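Structure first, commentary second.
A, B, ... follow the sequence lines: proteins, then strands. Residue 1 opens every chain. Quick caveat: nothing in here was measured; it's all calculated off a predicted structure.
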Amino acid sequence: MPAQLSMRFIYQTWWKVLAVVVIFYTLIAGFLFDVPHLPILHETIRNTYFHVPMWIAMFTVFTISVVYSIKYLNTGDEKYDLIAVECVNTGTFFYVLGLITGMMWAKYTWGAFWSNDPKQNSAAIAFLLYCAYAVLRNSIDEEQKRAKISAIYNIFAFPIMVVLIMVLPRMTDSLHPGNGGNPAFGKLDMANSMRVVLYPAFIAWSLIAIWIASLRYRIRLIEYKKNEIN
Amino acid sequence: MKKIYVSALLLLSCNALFAQQNQPVEMADVMRSSGRIYVVIATITIIFVGLAIYLFSIDRRLKKIEKEK
């Protein structure tokens, strides 16, 4: 039942329109609304509205991917494997966007595109983790074996990625906002005026990522059915 | 001597006239205020709307192909 429900969901239009409208709002509000005047960050505090949602969108599709990997292992339904892999592909795309926007910001805040900050390094390692997923998948020819092994790998890669990106940099002296006592959107140090833009942006960009993943899945489903007949 | 003074004065006033013309012309134009940040907003919203329309068109084409099956 939930599977059918979610499958109907990806063919609906209302949430796609919602995502577009909300992002449209965050693009305007993100530039015009008042932001706290903080040292180091200055106007780049507005990057929060665009850089962080990339990572949230990535987390959303990676989480969905893990859910469908588990579902695949439970049922053996090939469709779930297709959903999982397309979610990972879309997540990796948003991963790259997050990394590039972060590097861009670091150049003008920390002085270099890459300064071996703990946050940067662990993000790079986690990126390789998901590159390895793609390599693993493409190296196995047999369909069921490929689906099974990549599903198991995906389930293990996800918590490692979360630890690398969210936990480890916070335990060391990362320069990244939100780590090591640097200002960010923690409970106490983020202005409420930023929440009205940031949280809608999180939801809307996550929906955009789901949308792209669902489009890729539908294309892959057609390809899969075509190969089945031949 | 007087002629030189007069011509110099005229030249200067002429200069002042040009200077006045070079002063910013105040118009009721939102797009030029606040360091023209609105122009940047317009740019990124155009890009985003374009991408959104593109995504919707892919969605529609896919729907057509799915119906054919």
Checklist outcome for this item: Exactly one candidate in Tyr68(A), Tyr217(A), Tyr72(A) meets ring-ring contact (aromatic ring centres under 6.0 Å, His included) with Tyr80(A); the answer is Tyr68(A)

Checklist entry - Any idea which of Leu62(B), Val40(B), Ile41(B) has the most non-hydrogen atom pairs under 4.5 angstrom with chain A? => result Leu62(B)

Next on the checklist: Taking the ring of Trp55(A) and the ring of Phe62(A), is the distance between their centroids below 6.0 Å?
Outcome noted: no

Checklist outcome for this item: Okay, Tyr38(B) and chain A: the region with an atom under 4.5 Å from a heavy atom over there is side chain

Item to check | Contacting moiety of Ile44(B), where chain A heavy atoms sit under 4.5 Å | outcome: both

Checklist entry - Which pairs, with at least one residue in residues 22-43 of chain A and sequence neighbours excluded, count as a ring pair (Phe, Tyr, Trp, His ring centres under 6.0 Å)? => result Phe31(A)-Phe50(A)

Next on the checklist: Check this for me, if you would: do Asp81(A) and Arg146(A) make a salt bridge, where the nitrogen-to-carboxylate-oxygen distance has to be below 4.0 angstrom?
Outcome noted: no

Item to check | Option that, when pairs with chain B are counted at under 4.5 Å, heavy atom only, ranks first among Ile212(A), Ile28(A), Ile208(A) | outcome: Ile28(A)

Next on the checklist: Under the rule for side chain to side chain contact (heavy atoms under 4.5 Å, CB included), what residues qualify as partners of Tyr108(A), not counting sequence neighbours?
Outcome noted: Met104(A)

Checklist outcome for this item: So, the part of Leu221(A) with a heavy atom under 4.5 Å from chain B: the answer is neither

